[in-house]
Amino acid sequence: MMLHESLKDLPDLWAEAQEIVRQVPRGRVTTYGRVAEALGDRASSKFVWLALTPSERAEDVPWHRVVRSDGSLVGSRSSDTLAEKATLLSGEGVAVTSGKIADFRDLLYDDLKSSSPLSALRAKQMRLRERVKVPRSDVRLSRVAGVDVSYDGNRAFASLVTLDFESEELLDERSRSSEVRFPYIPSYLAFRELPLVAPLVSSLDEETVLMYDGNGILHPHGFGVACHAGIVFDVPTIGVAKRLLCGTLSGGQNANVSKVLNHGEMVGYAVAHGEHKPIYISPGHGISRSQSLFIVRRFLKSRIPIPLQMAHERANALRRSADD
DNA sequence: GCGACAG
DNA sequence: ATCTTGTCGC
C-alpha cells in the first residue's frame with residue numbers, strides 16, 4: 001500500500017525552526033512562542049525549546065537569542081546553558097538583570113519569515129476531516145487490532161496485534177523499526193506516527209476495527225490521529241488516550257463513565273476501570289460513539305484495553321532487544 | 001499563584 | 001514518549 005498523500009513530503013520541522021531562529025539579529029531576541037507562531041502554531045513552543053537543545057541544534061543557530069515570553073531566560077533540559085546564555089547575550093550588548101532581559105520589549109525582533117509549515121498541515125487535517133464518518137448505528141466487526149509505537153531517540157518501534165473479537169485469540173502480529181522524521185507536537189500526532197505504522201496496517205482483514213493509542217474526534221479540531229488513520233487506511237478506528245487532550249467532562253450515567261464535551265459537542269467518553277485513572281475513548285472513523293465505547297470496554301481487563309496493552313508490550317520488547 | 005495539550 | 005531505585009500491592 002502506498003503511503004497516503006497527506007503523509008508524504010512532510011516538512012523537517014527541526015530545520016524549519018532553526019532557520020527561523022537564524023533570522024534573529026545580533027543584539028536582538030525573540031521568544032519560543034514567536035518562533036512557534038512563525039512555524040504556524042503557537043502550541044509548538046515546547047517543541048521549539050526542545051529543538052534548541054545542545055544535542056539538537058546546529059552550530060550556527062543563535063539559540064541564546066530565544067527567551068521566554070516574559071523576557072526571562074531558561075536553559076535547556078539537563079544542562080547548564082543558562083549561564084552561557086546570559087554571557088552570550090551580554091557579549092552582544094543585551095543586558096540581563098536577575099535572569100531577565102532588561103529592555104525586553106525594545107529588543108524583541110518580530111519579523112520572522114517562514115512558510116508556516118504547521119498551518120499547511122492543519123489545513124490538510126481540515127480537508128480530510130470532511131471525509132470522517134461517525135455513523136449512528138453499529139457496524140459488523142469480528143476482529144480488533146491494536147497499534148502502538150515505542151521510541152529510542154530518533155528510532156521508532158511499531159507493533160500491531162490483531163485479536164478475534166469473540167475468543168480474544170491472537171490472530172496476527174506485526175512489528176517494524178524505522179526512523180522518526182517528525183516531532184511530537186500536540187494535535188499533530190498523526191504526522192509523527194502514521195508514517196511509522198502504515199506498513200503494518202496495509203491489507204487488514206475486513207471486519208477489523210483498529211484501536212489507536214491517541215484520540216479520534218476528541219481533538220481541538222475534531223481530527224485526531226485515529227480519524228486520520230481511519231481515512232488513510234480506510235478502516236474503522238477508535239481512539240483511546242490516557243490523558244485528556246481537550247474538552248470537559250460531563251456527569252455520566254454511572255460512576256465509571258462520563259461524557260466528554262468539546263465546544264458543546266459530545267466527542268467521547270471518560271471511562272475508569274476499577275480504581276484506575278480514566279481513559280478517554282472517541283470514535284475515529286467508520287464507527288459510532290456507542291460502539292466505540294462498547295468495544296473498548298469489551299477488552300478492558302485493566303486500565304488499558306488488551307489490544308493496546310499487547311501492542312505496547314511488543315513495541316517495548318522490540319526496542320529493548322534492539323539496544324545493541 | 002496559575003497554567004501544565006494525546007504520544 | 002522517555003529519564004529512573006526502590007517500593008507498595010494484587
Side-chain angles (χ1 to χ4, degrees), chain A residues 13 32-33 36 39 41-50 53 55-56 68-70 72 74 76-79 118 121-122 125 146-159 177-197 211-230 237-249 260 262-263 267-271 273-284 292 296 301-305 308-309 311-320 322-323:
Chain A
L13 289 184
Y32 298 101
L39 282 174
D41 194 330
R42 190 175 225 300
S44 67
S45 57
K46 275 167 208 136
F47 157 68
V48 173
W49 176 65
L50 285 170
T53 216
S55 57
E56 298 294 319
R68 294 210 296 205
S69 62
D70 64 352
S72 62
V74 284
S76 304
R77 175 140 92 143
S78 72
S79 61
L118 287 177
L121 295 183
R122 184 69 82 207
Q125 292 180 321
V147 278
D148 194 28
V149 185
S150 177
Y151 299 93
D152 181 17
N154 65 340
R155 203 77 211 155
F157 303 88
S159 286
S177 160
S178 52
E179 188 160 327
V180 178
R181 295 175 48 189
F182 196 91
Y184 170 69
I185 298 173
S187 82
Y188 299 89
L189 177 60
F191 297 108
R192 174 177 175 82
E193 294 201 339
L194 294 189
L196 311 174
V197 308
M211 214 177 267
Y212 206 100
D213 198 342
N215 291 302
I217 63 175
L218 200 179
H219 179 275
H221 296 270
F223 194 71
V225 63
C227 299
H228 204 144
T237 54
I238 302 171
V240 180
K242 296 181 285 297
R243 297 188 301 187
L244 192 58
L245 172 61
C246 62
T248 55
L249 301 187
V260 180
N262 196 205
H263 305 308
V267 293
Y269 302 91
V271 176
H273 180 86
E275 295 306 307
H276 288 297
K277 286 170 55 182
I279 57 174
Y280 303 91
I281 302 164
S282 60
S292 298
V296 172
K301 306 293 200 287
S302 177
R303 182 177 180 230
I304 308 299
L308 286 182
Q309 185 60 43
H312 184 70
E313 286 163 2
R314 278 162 174 71
N316 276 335
L318 192 61
R319 170 170 57 81
R320 290 194 295 266
D323 267 339

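All chains are named by letter (A, B, ...) in the order of the sequence lines, taking the proteins before the strands, and each is independently numbered beginning at 1.
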### Message
Check whether A/Gln125 reaches the backbone of A/Ser187 with its side chain - one donor and one acceptor, N or O, closer than 3.5 Å.
### Response
yes
#### Entry: Donor-acceptor contact present, side-chain A/Arg192 to main-chain A/Phe182, <3.5 Å
yes
#### Entry: Check: A/Leu50 and A/Tyr184 side chains under 4.5 Å, non-hydrogen atoms
no
### Message
Tell me every residue that passes ring pair (Phe, Tyr, Trp, His ring centres under 6.0 Å) with A/His228, counting only those two or more places apart in sequence or in another chain.
### Response
A/Phe191, A/Phe223
### Message
For A/Asp70, give me all partners under side-chain hydrogen bond (donor to acceptor under 3.5 Å, both in side chains), at least two apart in sequence or on another chain.
### Response
A/Ser72
### Query
With the sugar-phosphate defined as primed atoms, P, OP1 and OP2, and the base as all remaining atoms, what B/S/- string results for nucleotides 2-7 of chain B, 5' to 3', for protein heavy atoms under 4.0 Å?
---BBB
### Task
Taking Watson-Crick and G-U wobble pairs with both distances under 3.5 Å, convert DNA chain B into its dot-bracket string, 5' to 3', dots for unpaired and | for cross-strand pairs.
.......
### Task
Have a look at A/Arg42 and say if it touches a base, only the backbone sugar-phosphate, or nothing, with a 4.0 Å heavy-atom cut-off.
nothing
### Message
Before you tell me yes or no, could you show the steps for A/Arg314 and A/Ser159 under side chain to side chain donor-acceptor pair (under 3.5 Å), namely the whole-Å CA-CA distance, both residues' side-chain angles and the distance that decides it to 0.1 Å?
### Response
CA-CA 6 Å; A/Arg314 278 162 174 71; A/Ser159 286; over 6 Å; no
### Query
With no hydrogens and no angle check, is any side-chain donor or acceptor of A/Thr237 less than 3.5 Å from a backbone partner on A/Ala226?
yes
### Query
Please give, in whole Å, the distance from C/dT2 C1' to A/His312 NE2?
11 Å
#### Entry: Polar side-chain atom of A/Arg155 near backbone of A/Val180 as donor-acceptor pair, under 3.5 Å
no
### Task
Verify the neighbour count for atom CZ of A/Arg181: are there more than 12 heavy atoms of other residues, nucleotides or ligands below 6.0 Å?
no
### Query
Roughly how many Å is it from CG in A/Leu308 to P in C/dA1, rounded to a whole number?
11 Å
### Task
Name all stems that contain residues of DNA chain C, defined as runs of 3 or more consecutive Watson-Crick or G-U wobble pairs, both distances under 3.5 Å.
none
#### Entry: Set of salt bridge (charged side-chain N to carboxylate O under 4.0 Å, His left out) partners for A/Lys301, sequence neighbours left out
A/Glu168
